[in-house]
Amino acid sequence: MEKYLTVSALTKYIKYKFDQDPYLQTVLIKGEVSNFKRHSSGHLYFALKDEQSVISAMMFKAHANALDFDPKEGDQVIVEARVSVYERRGSYQIYVNKMQLDGIGNLYQKFEQLKKKLEKEGFFDTTLKKTIPKYPKKIAIVTASTGAAIRDILNTIQNRYPLVEPIKISTLVQGQQAKEDIVTKLHYADTLGADTIIIGRGGGSIEDLWNFNEEDVVKAIFRCQTPVISAVGHETDTTLSDFVADVRAATPTQAAMIATPDKQELYQLLQKSQSYLQRFITQYLKHARQSLVRYQEYYKFKQPTLLYEQHIQKRDDLDRLLHDTMQRTIEIQQQQLNILQQRFHLRYFYDTIKRHQLTTLQLRDQLHKQQLRIINNKKQQLIHHVASLDNLSPTQTMLRGYSIVKKDNDVITSTHNLKQGEHIEVTMKDGSIGAMIEEVKRKDDGKKSNI
């Protein structure tokens, strides 16, 4: 019995083999999501299948939180995973690290990501949308030169509003070079002075329409100064160009209808306007005739002199009033002039000058006397200060028998600053002498110091 293995031992050995195999540590698998479940813990449990096989899969919460889409039943995905064995059931499964949508699903994922990014940056702001002109003169049509789209647009414009000039601008709408060509042709169309730009193509798959989801194309539409109508695909097709354009049309035909008025509607409008003008002119002439009859019967028009007699008399009154007013004003001004002449008479000027001269002389004498008093006071003060300084000067002190003692050019004022044997300089009134200290006697101890 010792040669037999337990189920657990065999399972552990097989798991060990799986975990040690380098080819099973990172594998890329493509398949369809089946039996998808999101556990309350955040882990994902599902299976990947194709036409012939099914494999169990598990994705931990940390990796699941990094996904940029919500997996669901039936999604075609590509996963990066590690192959191992789940010991409890004894079955092999994959532990998924990364997962992304495959094919068309990946395009839809890219579409949603770019849509969110551009919307956040303000490219779809409805407040920035421009109004489509009601009666255009030129319409630039950016689409393929062949195909149903250009024919539908041109036929619709011709049938609805033949007065407008359509400008055909051929561009690639599919393929690798289409994105750059669309951006270039949009910029060119924006320089033509057109009233409206129609950009579009016929229907197709998401791959066929993808150039109208490119970020560069969206930004080129946003930068156009000319109003833009987007007509990409059929009614059920939606591209990012539809969101950024000023108006989105479900089909190229509808785009042409939005860009132009209907000539039948214009004709009906003209007929209504003509009828309205006729009624208005008839009513206006009727009221004008009635007013004319009333004016003809007015009594003043029967006697025209009544219209201007009052005005003539009023004019004469105003003329007299003006003349009297001017006369009074002149008299008042003349009186004021006479007063000024008297005030500024030449003799008056002479008298005024003499008075000012006399006043000036008096003020000058007063100023001279005041200056003398101030100078005498200052002289007396100076003499007093000089005498005080002289009494306090060292020279006067030395004339009274005192001397100045210096040591090293410093004045000595205390015996505590001197020692026996030090050299000193004694300055007197008529010169100085050098001396050496033999003894120092201080008042505080009454003793000699030989220090």
Side-chain angles (χ1 to χ4, degrees), residues 311-449 451:
H311 294 288
I312 291 174
Q313 185 176 358
K314 185 177 181 180
R315 186 205 64 183
D316 293 340
D317 292 340
L318 291 174
D319 183 65
R320 286 193 298 271
L321 178 62
L322 177 62
H323 181 270
D324 294 342
T325 302
M326 292 178 62
Q327 188 66 34
R328 286 196 300 273
T329 303
I330 291 173
E331 292 175 357
I332 293 172
Q333 295 296 330
Q334 186 65 45
Q335 292 175 1
Q336 292 179 352
L337 179 60
N338 294 333
I339 294 172
L340 290 174
Q341 287 177 345
Q342 293 175 4
R343 182 180 299 174
F344 292 101
H345 194 271
L346 185 59
R347 185 174 180 179
Y348 172 78
F349 276 117
Y350 287 153
D351 295 340
T352 302
I353 290 172
K354 288 181 179 180
R355 286 198 303 273
H356 285 302
Q357 286 177 341
L358 181 60
T359 303
T360 303
L361 291 174
Q362 293 174 352
L363 291 174
R364 187 177 64 181
D365 292 340
Q366 293 177 4
L367 178 62
H368 180 68
K369 294 177 181 179
Q370 184 69 18
Q371 287 176 339
L372 290 176
R373 284 196 298 273
I374 293 173
I375 290 172
N376 291 330
N377 290 335
K378 294 298 181 181
K379 284 182 178 179
Q380 294 299 323
Q381 292 178 5
L382 179 60
I383 293 171
H384 174 72
H385 290 318
V386 169
S388 298
L389 289 174
D390 188 55
N391 292 331
L392 295 174
S393 67
T395 302
Q396 291 295 328
T397 302
M398 287 187 290
L399 288 175
R400 295 195 296 270
Y402 292 96
S403 300
I404 299 174
V405 179
K406 294 183 180 179
K407 184 181 73 173
D408 297 331
N409 291 326
D410 292 332
V411 176
I412 303 301
T413 60
S414 174
T415 58
H416 291 280
N417 296 329
L418 298 174
K419 297 179 182 178
Q420 184 181 6
E422 289 183 333
H423 290 277
I424 61 174
E425 180 183 356
V426 180
T427 302
M428 302 178 183
K429 67 177 181 178
D430 54 355
S432 62
I433 60 173
M436 179 182 291
I437 299 174
E438 293 183 355
E439 63 179 357
V440 178
K441 184 183 295 184
R442 298 188 177 91
K443 292 181 180 182
D444 51 357
D445 53 9
K447 298 180 181 179
K448 296 179 181 178
S449 176
I451 300 174

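None of these values were measured; they are calculated from a predicted model.
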Distance (rounded to the nearest 0.5 Å) between Q362 CD and Q366 CD
7.0 Å
Using 0.5 Å steps for rounding, measure from the CG atom of D316 to the NZ atom of K314.
12.5 Å
Determine which pairs satisfy salt bridge (Lys or Arg N to Asp or Glu O under 4.0 Å) with at least one residue from residues 317-336, sequence neighbours left out, and list them in order.
D317-R320
What's the spacing between M326 CE and I330 CD1 if we round to 0.5 Å?
5.5 Å
Are side-chain heavy atoms of E425 and T427 found at a separation under 4.5 Å?
yes
Could you walk me through whether L322 and L318 pass side chain to side chain contact (heavy atoms under 4.5 Å, CB included), step by step?
CA-CA 6 Å; L322 177 62; L318 291 174; over 6 Å; no
Salt bridge (charged side-chain N to carboxylate O under 4.0 Å, His left out) partners for D365, two or more places apart:
none
Which heavy atom of Q420 sits nearest to which heavy atom of E438, and what is that distance?
NE2-O, 2.9 Å
CD1 of I353 to NE2 of H356, rounded to nearest 0.5 Å, is 8.5 Å
Quick one: does I412's side chain get under 4.5 Å of I424's, heavy atoms only?
no
For the atom pair CG (L372) and CG (L367), what is the distance rounded to the nearest 0.5 Å?
9.5 Å
Quick check: closest heavy atoms across E422 and K419, and the distance to 0.1 Å?
OE1-N, 2.9 Å
Distance check, rounded to the nearest 0.5 Å: K369 atom NZ versus R364 atom CZ?
12.5 Å
